[in-house]
Amino acid sequence: MSQFGQIITAAARLSPMDDAIEPKESELSQDYREGDLTVQIDIYEDGEGGWLLEIVDENSNSTVWEDSFDTEQEALEEALEALREEGIETFVGPVQETGESW
């Protein structure tokens, strides 16, 4: 399993690609729901032949994997495995007030 980054707040959220480049989002990107919690699994091309993985919660907190994946399918499988093993709560942060972080 690849190492995933820490959850970052909406105010500090990093986009997976430079703003000047229009990233191609994978058709495998999807919502994942467990109980009352939902996160968005986002998979994007990295511009170098790989795929980036990000999980975003309903409060715009984001978890980004440090390493890219060879295929979009591998990225999706990693996300689903992490969500099952770690639990969706691991990827959900608190509602952020402007200027605060956790």
Side-chain angles (χ1 to χ4, degrees):
M1 176 164 84
S2 293
Q3 189 65 23
F4 56 88
Q6 295 182 2
I7 296 175
I8 45 183
T9 66
R13 185 168 175 206
L14 303 173
S15 69
M17 300 289 289
D18 186 290
D19 290 338
I21 300 172
E22 191 68 32
K24 178 184 174 194
E25 185 173 2
S26 168
E27 292 180 4
L28 297 180
S29 293
Q30 59 188 267
D31 287 339
Y32 178 89
R33 183 171 183 85
E34 188 176 301
D36 292 336
L37 300 174
T38 302
V39 295
Q40 173 67 32
I41 300 171
D42 290 326
I43 302 168
Y44 299 95
E45 278 188 324
D46 68 1
E48 299 176 1
W51 293 88
L52 302 173
L53 175 58
E54 176 180 31
I55 295 179
V56 182
D57 73 9
E58 294 172 333
N59 301 315
S60 297
N61 295 303
S62 174
T63 304
V64 179
W65 270 247
E66 295 175 355
D67 300 316
S68 63
F69 297 85
D70 291 334
T71 68
E72 55 196 309
Q73 184 64 43
E74 287 176 4
L76 176 61
E77 290 170 5
E78 172 66 23
L80 295 174
E81 180 180 335
L83 285 160
R84 283 190 299 267
E85 287 183 8
E86 303 290 330
I88 194 169
E89 297 85 6
T90 300
F91 300 94
V92 175
V95 175
Q96 295 296 312
E97 299 296 327
T98 306
E100 293 182 21
S101 63
W102 57 287

(Q) Treating Asn59 as the side-chain partner and Gly93 as the backbone partner, does any N or O pair qualify as donor plus acceptor under 3.5 Å? (A) yes

Q.
I want to check something: taking the side chain as every heavy atom from C-beta on, are Glu58 and Thr38 in contact at a cut-off of under 4.5 Å?
A. yes

**Q.** Beyond-backbone contact of Tyr44 with Ser26, side-chain heavy atoms, under 4.5 angstrom
**A.** no

Q. Where do Leu37 and Glu89 land on the side-chain contact (heavy atoms from CB on, under 4.5 Å) test, with the steps shown first?
A. CA-CA 8 Å; Leu37 300 174; Glu89 297 85 6; 4.0 Å; yes

Q. What are the two closest heavy atoms between Asp46 and Glu48, and how far apart are they?
A. OD1-N, 2.7 Å

Q. What closest approach, in Å, do Glu86 and Phe91 show between heavy atoms, and which atom pair accounts for it?
A. CB-CE1, 4.0 Å

Q: Looking only at non-hydrogen atoms, find the nearest pair between Ala75 and Leu53 and report the distance.
A: O-CD2, 3.4 Å

Q | Validation row: Ile55, Leu83 side chains within 4.5 angstrom (heavy atoms) | A | yes

(Q) Rounded to the nearest 0.5 Å, what separates atom OG in Ser62 from atom CG in Asp57? (A) 8.5 Å

Q) For the atom pair CD (Glu72) and NZ (Lys24), what is the distance rounded to the nearest 0.5 Å? A) 6.5 Å

**Q.** Short side-chain donor-acceptor distance under 3.5 Å, Glu78 and Trp65
**A.** yes

(Q) So, taking the atom named CG in Leu52 and the one named OG in Ser68, what distance separates them when rounded to the nearest 0.5 Å? (A) 6.0 Å

Q: Evaluate the side-chain proximity of Glu45 to Pro23: yes if any heavy-atom separation is below 4.5 Å, no if none is.
A: no

Q. Taking Leu28 as the fixed residue, which of Ile41, Thr71, Leu76, Asp42 is the one that meets the side chain to side chain contact (heavy atoms under 4.5 Å, CB included) rule?
A. Leu76

Q) Is any side-chain heavy atom of Val39 closer than 4.5 Å to a side-chain heavy atom of Asp31? A) no

**Q.** Heavy-atom check, side chain of Tyr32 versus side chain of Ile88, under 4.5 Å
**A.** yes

**Q.** Separation of Phe69 CZ from Glu77 CD (nearest 0.5 Å)
**A.** 10.0 Å

